[in-house]
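Keep in mind the model is a prediction, meaning the values are calculated, not measured. Whatever order the structure lists ligands and atoms in, that order sets their numbers, starting from 1.
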Amino acid sequence: MIKPIVKDTFFLSQKSEPAVREDGAIVKDLLDTLQANRERCVGMAANMIGIKKRIIAVQMGEVNLPMLNPVIVKKSKPYETEEGCLSLEGVRRTTRYETIEVEYRDVNFKRCKQRYTGWTAQIIQHEIDHCDGILI
Ligand SMILES: CSCC[C@H](NC=O)C(=O)O
């Protein structure tokens with residue numbers, strides 16, 4: 001189900017709880033909402049649809065990849081950049097890493113580990129920050 005986007009910065013500043021195996025319906029809502037906003041949004045965290053669970057969804061070309069409990073286990077090559085966010089006005093400067101390695105669970109709660117670079121890595125870092133209550 002497509003959900004409204006949360007813009008309440010107090011709510012968005014709170015840390016999200018770990019996701020569990022039974023969170024499939026939340027994953028579905030997050031994917032539906034990202035798909036509905038795909039022209040103006042490249043990634044989303046569950047708290048952006050009002051659910052404080054550590055679940056993100058990231059546009060990767062034509063598909064949207066959901067990640068549950070994502071953790072960056074390695075990062076390298078920091079750079080400065082500017083980002084915007086559907087939940088915020090304007091753009092802000094931030095530091096991101098060119099290459100990251102992420103451990104996460106897929107929608108079936110299977111353990112995954114993957115290396116990402118560039119734009120995809122940047123989106124993942126932005127969404128994991130959301131899970132920690134960090135807004136750019
Ligand atoms: C560079 S990452 C930007 C991600 C942002 N989505 C919000 O969480 C968006 O504008 O889609």
Inset, instruction - Please lay out, stage by stage, how M67 and C112 fare under the test side chain to side chain contact (heavy atoms under 4.5 Å, CB included). - result: CA-CA 9 Å; M67 297 175 154; C112 304; over 6 Å; no
Inset, instruction - Look at atom CZ of R111 and say whether more than 12 heavy atoms of other residues, nucleotides or ligands are closer to it than 6.0 Å. - result: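 No, because the 6.0 Å sphere around CZ of R111 holds 12 heavy atoms or fewer from other groups.
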Legend entry - Chi angles and distances behind the side-chain hydrogen bond (donor to acceptor under 3.5 Å, both in side chains) call for E83, T94: CA-CA 7 Å; E83 287 177 359; T94 186; 5.3 Å; no
Legend entry - Passing option when Y79 is tested against E98, R96, Q122 for side chain to side chain donor-acceptor pair (under 3.5 Å):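 One option only clears the test, and that one is Q122.
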Inset, instruction - For ligand 1, would you mind listing the residues that have at least one heavy atom less than 4.0 Å away, ordered by chain and number? - result: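 Residue list for ligand 1: C41, V42, G43, M48, E83, G84, C85, W119, Q122, I123, H126, E127, H130.
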Could you go through residues 22-30 and list every donor-acceptor pair under 3.5 Å that involves a side-chain atom there, pairing it with any protein atom two or more places apart or in another chain?
| residue | atom | partner | partner atom | Å |
| --- | --- | --- | --- | --- |
| D23 | OD1 | K53 | NZ | 3.0 |
| D23 | OD2 | V20 | N | 2.8 |
| D23 | OD2 | K53 | NZ | 3.0 |
| K28 | NZ | D32 | OD1 | 3.3 |
| K28 | NZ | D32 | OD2 | 2.9 |
| D29 | OD1 | M1 | N | 2.8 |

Inset, instruction - Classify the side-chain pair Q35/N64 by whether it contains a donor and acceptor separated by less than 3.5 Å. - result: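 Looking only at side-chain atoms, N64 and Q35 do form a donor-acceptor pair, the distance falling under 3.5 Å.
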